[in-house]
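Keep in mind that this is a model prediction, so the values were computed, not measured. Note on naming: letters A, B, ... go to the chains in the order of the sequence lines (proteins, then strands), and numbering restarts at 1 for each one.
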Amino acid sequence: MSDELYLVDGSAFIYRAFHAVGPLSNRDGLPTNAVFGFASMLRRLLKERQPTYLAVAFDSRGPGFRHELYRAYKANRPAMPDELACQIPYIKELVQALGLVSFEQPGVEADDLIASAVSRLDAAEHPIVIVSGDKDLLQLVNDRVTLWDPMSDKVMDRAAVAAKYQVEPELLLQSFALIGDSSDNVPGVPGVGPKTAGTLIRQYGSLEALYDQVDGLKQSKMKQNLLEHREQAFLSRDLIRLKHDCAVPPTIDGYRLGSSDQERLKGLYADLGFASLLKELDTARPLAGDDFHLVTSEHQLAELASILHQAEVLAIDTETTSLDSRTAGLVGISLCCGLPSCWYIPVGHRDRDGQPLSGQVSLEALRTMLQPVLQSKKLPKIGHNLKYDYTVLACALGVELKGPLIDTMIAAYLTEPARRSLKLDDLCREIDLKLTSYGEVTGGDKRQDAFAYVEPASACHYSCEDVYGTLALWEHLQPRLEEKDMGGLFHEIEMPLMPILAKMEMTGIKVDPARLEALAEEFREKLASLEQQIYQAAGHPFNINSPQQLGTVLFEELGLPHGKKTKTGYSTDGAVLEKLAVGHELPALIIEYRNLAKLLSTYVDKLKHLIHGDTGRVHTSFNQTVTATGRLSSSNPNLQNIPVRGEEGGRIREAFVAEAGKVFLFADYSQIDLRVLAHYSQDTALLKAFRQGEDIHTRTAAEIFGVSPLLITPEMRRVAKSINFGIVYGMSSFGLSNQLQISRAEAKKFIDRYFQLYAGVQRFMQEIVEQARRDGYVSTLLNRRRYLPEIKAADKVRREFAERAAINTPIQGTAADIIKLAMLRVNELLRDRDSQCRMLLQIHDELVFEVDESFCAAIKGDIRTCMEQALSLDVPLVVNMGEGRSLAK
DNA sequence: TGCGCCTCGTAC
DNA sequence: GACGTACGAGGCGCAT
C-alpha cells in the first residue's frame with residue numbers, strides 16, 4: 001500500500017483515452033472507447049500503485065475564468081465531439097462506483113483543482129503524485145510532489161523539470177508565460193521557446209524583473225518581440241497560472257479511497273460490454289503474506305505450540321494427498337489464531353523422486369505438540385469444510401478435534417442456502433480477499449497427491465492464505481448469523497452434528513461383494529436377452545439408453561401415439577411407456593430394460609467399486625451444505641436412494657449386511673411431514689387425527705369419501721395417500737389427475753373436498769405464501785431460512801414454483817431439523833457405546849444403526865424415546881422400529 | 001477429450 | 001406448466 005496521494009487529471013485522460021483507443025462501442029452502438037481507456041488507466045494505477053489516497057479532477061463544463069481573461073483561450077480547440085461527450089457520464093459513474101474521490105467545480109479546470117489540493121496538502125508535507133501528461137502541472141512539482149504520466153510511464157521530479165526547462169519548477173510559470181502554449185491558444189512571446197525562456201527566467205527570476213530590465217538587453221529581434229508582446233506575456237502568465245484556492249478537502253483523510261461498489265461496477269461493465277474488466281472484477285486484492293511462517297523444525301513447532309496455548313480461537317486447514325479424507329495422507333497443516341499471523345507445518349512434502357524433504361516436522365512430533373491444543377474442549381476450531389479436516393486429523397494423525405467447532409462453509413450455507421458456490425476462494429472474494437488457487441500452487445499437476453510435491457515455501461503461502469481467509473470469513477459471517485438469529489441453529493445443531501456425520505462416514509456400511517457380483521451377472525444376462533427382444537420388436541438395433549433414439553423408434557417408426565413432449569423431443573419416461581404398454585410389446589420391454597439397467601449401473605456396478613478393500617464397507621459422504629431445505633444429502637455413493645420398492649430393489653438391499661454378531665436397527669419417523677404440517681397449520685382435523693393415533697391416509701380417505709374408516713378400500717386409501725403427499729408439495733389438480741390417472745375435474749373435486757375438511761391446511765398454505773412474499777424468505781421451526789426471491793417474479797411459472805417451495809420448505813425443513821436434533825440426542829445416548837451400537841445412515845426420516853445382537857433389545861426403546869422426544873410439537877412424534885441382518889429388513 | 005445440460009429414475 | 005428435496009447414469013452437443 002502506498003502512502004502517496006494520487007491526483008488524477010481526469011479530463012486530460014478522457015481526451016487521451018478517446019484518441020488512443022480505437023473505435024469501440026457496446027451492443028447498443030454507444031461509443032465506449034474513452035470509458036474503456038479511462039477504466040484501463042485507473043485499473044493499472046490502482047493495481048500497480050495500490051494507493052490509499054486518490055482523487056480524480058475534472059474540468060467544468062462551459063467557459064471558465066480563463067475565457068473571461070482571454071476570449072481566444074482554447075479557441076483553436078474543436079468542440080468536444082458527440083462521440084466523446086456521450087461517454088462522460090459513464091466515466092463519472094465509473095469513478096463513483098470505484099469509490100474514488102472526485103472533484104469538479106464551475107469555472108475552473110482540473111489543473112486548478114489539482115493545484116489547490118497540492119497547496120493544501122503541501123503544507124502537511126504529504127507526498128503527492130500528480131497523474132497527468134500535461135506540462136502545465138509541472139509548475140506544482142517540488143521535493144514531495146512529482147508528476148507521473150502513466151501512458152509513457154515517465155516520472156518528472158524537480159531534477160527532471162530542471163533538466164528539461166533549465167529552471168526550477170517554481171519558475172516554470174514565468175518561463176511558460178514567454179513560451180506560450182499553442183494547443184491552448186495561449187500566445188506567449190513569439191520567437192521564445194523553452195531554451196530562450198529558460199535562460200531569461202534563470203537570469204531575471206520573473207516577468208516583472210525581466211521587463212524592468214528589458215532596456216538593458218542588447219538590441220535584437222528577441223528584445224523587439226518581448227517589448228511588442230509585453231501585455232501578451234503577462235496575459236499568458238495569468239492564463240497558465242493555476243488557481244490554488246478552489247474548495248478541496250483540507251486534510252489527507254478527504255482523499256482516502258472508498259470501497260468500490262462491485263454490483264454497480266458489474267452493471268456498468270455489463271452495460272458497456274467490457275467483458276475483460278467484468279471478468280477481472282472477480283479478482284480481488286491478493287494477500288500480502290508477510291506474516292506467514294513456515295515451521296521447519298520441532299523447535300519452531302514447540303514455540304508455535306506455546307503461542308497456541310494462549311490462543312482464543314484456532315483456524316485450521318490441512319493439506320493432503322487425496323480428496324478422500326479417510327485415506328488421505330497429511331502433507332501439512334496451517335494454523336491461525338488471530339489475523340494476520342499464520343503458520344504452516346510441513347510434514348509430508350516429497351521431492352521429485354518421492355523422497356521425504358528435510359526441513360519438515362515428523363507426524364509424531366506434530367501429534368505430540370498439537371494434540372493438547374487440537375483436543376482442547378475450550379478452544380474453538382474454525383475451518384472451511386471442517387468435516388474434511390476433522391476426518392483427516394482423525395484418520396491420518398489419530399487426533400479427534402474437540403472444542404466448539406465452527407465451519408465457515410456451513411455458516412455461509414445457513415445464511416444463504418441457495419448460494420451457487422460455497423468454495424473458500426469464492427466466499428473470500430466477496431470480502432475482497434484474493435486467494436491463490438490450488439491449480440496455481442500445484443502448477444497444474446493433475447496427480448491426486450500433487451500437493452506433496454509443492455515446495456514447502458509455496459505450500460506455506462497457499463495454505464496460510466486459506467487459513468487466513470477462513471478466519472477473516474468467520475469474522476464476516478458471525479455477525480450475519482446473529483443478525484438472522486441463526487446462532488442457535490449453527491452452534492447448537494449444525495456444528496455438533498458435523499463430527500457425528502464424520503463418524504458415520506468413517507464407519508461406513510458393510511456390503512457383500514459376492515451378492516453384488518451374483519446380482520450383476522444375473523442382471524447382465526437378463527439385459528442381454530431383453531436387448532435382443534427389443535431390437536426384434538423395433539425391427540433394428542438402436543441405443544436403448546438414448547431417449548432420443550427410442551422416441552424415434554416408438555413414435556415415428558412404429559407410429560405409437562406420443563404423449564407429452566420434453567424440451568428436446570418426445571418424452572419416453574415411465575408414465576408414457578406405461579400407457580403405451582397396453583398396445584405394443586416394445587414399451588413393456590423397455591420398462592423392464594430400464595429398470596434393470598438403472599439398478600445395474602447406478603447401484604450394483606457402482607457399489608462394487610466403492611467397497612473399501614480392508615473393511616469391506618462403503619463410506620458415503622453426508623453433505624451438510626447442499627439442499628435448499630436443510631436436509632442432508634448423501635453422495636459417493638448416495639445411500640439415501642437405495643431402491644426399496646420392487647423385487648430387484650430388495651435384492652440390492654440384501655447386499656448391505658450387518659457385521660457378524662450384529663444386526664441393523666431401523667428407526668423411522670411415521671408421517672413426519674404431515675405431523676409437521678399439522679403443527680404448523682394447527683388444523684383441527686389433522687391435529688385430532690394424529691393425537692388419536694389414527695392411520696392418517698385411512699382417516700383422510702374416510703373424510704373425503706364420506707364413509708366410515710372401516711369401509712375404506714385399499715384403492716380409496718391410495719387416493720387419499722396421494723393427496724396427502726401432494727399437499728405437502730403444493731400439488732395442483734393437474735398433478736393429482738396425472739398421478740392418479742383420473743380426470744382433472746375429479747382430481748379437483750378431491751382437492752376441494754380435502755380443503756373443506758382441512759380448512760386449516762389451506763389457510764396455512766395461503767399464509768406461508770403471503771409471508772414469503774412479505775419477508776422474501778420462509779423459515780423452519782428452528783429458524784432455518786430459505787430465500788425465495790422469485791415469489792415476486794412476473795413469470796408465472798417461476799412465481800408458482802417459488803410458492804410451492806414456500807409451502808414445502810417449512811415442512812421438509814422442519815422435518816430435517818427434527819431428525820438432526822434426534823441424531824444429536826441419540827449420539828449422546830450412544831456415547832462410549834461405540835462398540836455396541838453405531839449410527840450408520842440417515843435417510844431423511846429414518847436412522848439406521850448397527851447394533852450388537854445382544855444389545856439391540858436394550859437400546860431399542862431408548863433410541864425410540866430420543867427420537868420421539870427430539871422436539872415437542874402439538875402432535876406426537878411417532879417412531880417405528882425394525883431389525884434385520886440386511887437393509888432388506 | 002472434457003464439460004455442461006438434458007432426460008430419466010431412484011429415494012424420502 | 002402443472003409435485004417438493006436430493007444424486008447420478010448415459011446421451012448429446014459443443015468447446016478445446
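Environment of CD in A:Glu556: crowded, with over 12 heavy atoms of neighbouring residues, nucleotides or ligands closer than 6.0 Å. Atom CZ of A:Arg798 has 12 or fewer neighbouring heavy atoms from other residues, nucleotides or ligands inside a 6.0 Å radius.
Within the 4.0 Å cut-off from OP1 or OP2 of C:dA9, at least one side-chain nitrogen or oxygen of A:Lys606 is found. Proximity of A:Thr602 to the phosphate of B:dT10: no side-chain N or O atom is located under 4.0 Å from OP1 or OP2. A:Asn595 has no side-chain polar atom (N or O) that falls below the 4.0 Å cut-off from OP1 or OP2 of B:dC8.
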Give each protein N/O atom lying under 3.5 Å from an N/O atom of nucleotides 12-16 of chain C, with the pair distance.
| unit_1 | atom_1 | unit_2 | atom_2 | d |
| --- | --- | --- | --- | --- |
| C:dC12 | OP1 | A:Ser546 | OG | 2.6 |

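Residue contacts for A:Gln812: at a heavy-atom cut-off of 4.0 Å it reaches a base atom on one of the strands shown. A:Arg804 comes within contact range of the sugar-phosphate backbone alone, with a heavy-atom separation under 4.0 Å but no base atom that close. Within the nucleic acid shown, A:Phe801 comes within 4.0 Å of sugar-phosphate atoms alone, with no base atom in reach, counting heavy atoms only. At the heavy-atom level, A:Gly574 lies under 4.0 Å from the strands shown only through sugar-phosphate atoms. Across all strands, A:Arg744 comes closer than 4.0 Å to base atoms (heavy-atom distances). A:Ser634 comes within 4.0 angstrom of the backbone, heavy atoms only, and of no base. Across all strands shown, A:Ile642 has heavy atoms under 4.0 Å from sugar-phosphate atoms exclusively, and none from any base. A:Asn738 comes within contact range of no nucleotide atom at all, as no heavy-atom separation falls under 4.0 Å. A:Thr572 comes within 4.0 angstrom of sugar-phosphate atoms only, judged by non-hydrogen atoms across all strands, and of no base. Within 4.0 Å (heavy atoms only), A:Gly730 reaches sugar-phosphate atoms of the nucleic acid but no base atom.
A salt bridge links A:Glu883 with A:Lys860: the distance from a Lys NZ or Arg NE/NH1/NH2 to an Asp or Glu carboxylate oxygen falls below 4.0 Å.
For A:Arg594 against B:dC8, a side-chain-to-base donor-acceptor contact under 3.5 Å is absent.
Between the C1' atom of C:dA9 and the CG atom of A:Asn636 lies a distance of 13 Å, rounded to the nearest Å. Straight-line distance from the CG atom of A:Leu841 to the P atom of B:dA11: 15 Å, rounded to whole Å. Residue A:Leu607 contributes atom CG, which lies 14 Å from atom C1' of C:dA9 at whole-angstrom precision. We find that CD of A:Glu803 is positioned 13 Å from C1' of C:dA2, with the value rounded to whole Å. Following rounding to the nearest Å, A:Tyr413 (OH) and C:dT5 (P) show an atom-to-atom distance of 12 Å. In this structure, CG of A:Asp573 is placed 7 Å from C1' of B:dC8, rounded to the nearest angstrom. Taking atom CZ on A:Phe542 and atom P on C:dG11, their separation rounds to 12 Å, with Å as the unit. Rounded to a whole Å, the CD1 atom of A:Ile544 is 14 Å from the P atom of B:dG9.
Counting only heavy atoms from C-beta on, A:Lys567 has its side chain closest to B:dT7 among B:dC12, C:dA6, B:dT7. Here the side chain of A:Lys796 is nearest to one of C:dG1, B:dT7, C:dG8, namely C:dG1. In this structure, the nucleotide among C:dG8, B:dC6, C:dA6 sitting nearest to the side chain of A:Thr568 is B:dC6. The side chain of A:Ser571 lies closest to B:dC8, out of C:dA6, B:dC12, B:dC8. Looking at the side chain of A:Arg645, the nearest of the listed nucleotides C:dT5, B:dG9, B:dC12 is B:dC12. The A:His844 side chain lies nearest to B:dC12 when the options are B:dC12, B:dC8, C:dG10. The nucleotide whose nearest atom lies closest to any side-chain atom of A:Glu800 is, among B:dT7, C:dG1, C:dG4, C:dG1. Here the side chain of A:Asn641 is nearest to one of B:dG9, B:dC8, C:dG4, namely B:dG9.
With no hydrogens or angles considered, no side-chain donor-acceptor pair links A:Gln756 and A:Gln762 at under 3.5 Å. The closest side-chain donor-acceptor pair between A:Ser779 and A:Arg785, if any, does not fall under 3.5 angstrom. Donor-acceptor pairing under 3.5 Å is lacking for the side chains of A:Ser886 and A:Glu654. There is no side-chain donor-acceptor pair under 3.5 Å between A:Glu525 and A:Ser529.
Between A:His612 and A:His619, the ring planes are perpendicular. Angles over 60° get that label, and only those under 30° would be called parallel. Aromatic ring orientation, A:Phe764 versus A:Tyr680: tilted (interplanar angle from 30° to 60°).
Legend: side chain to side chain donor-acceptor pair (under 3.5 Å) pairs involving residues 582-598 of chain A, not counting sequence neighbours, sorted by first then second residue: A:Thr572-A:Arg594.
Across B:dC5 and C:dA2, the matching C1' atoms stand 22 Å from one another, rounded to whole Å.
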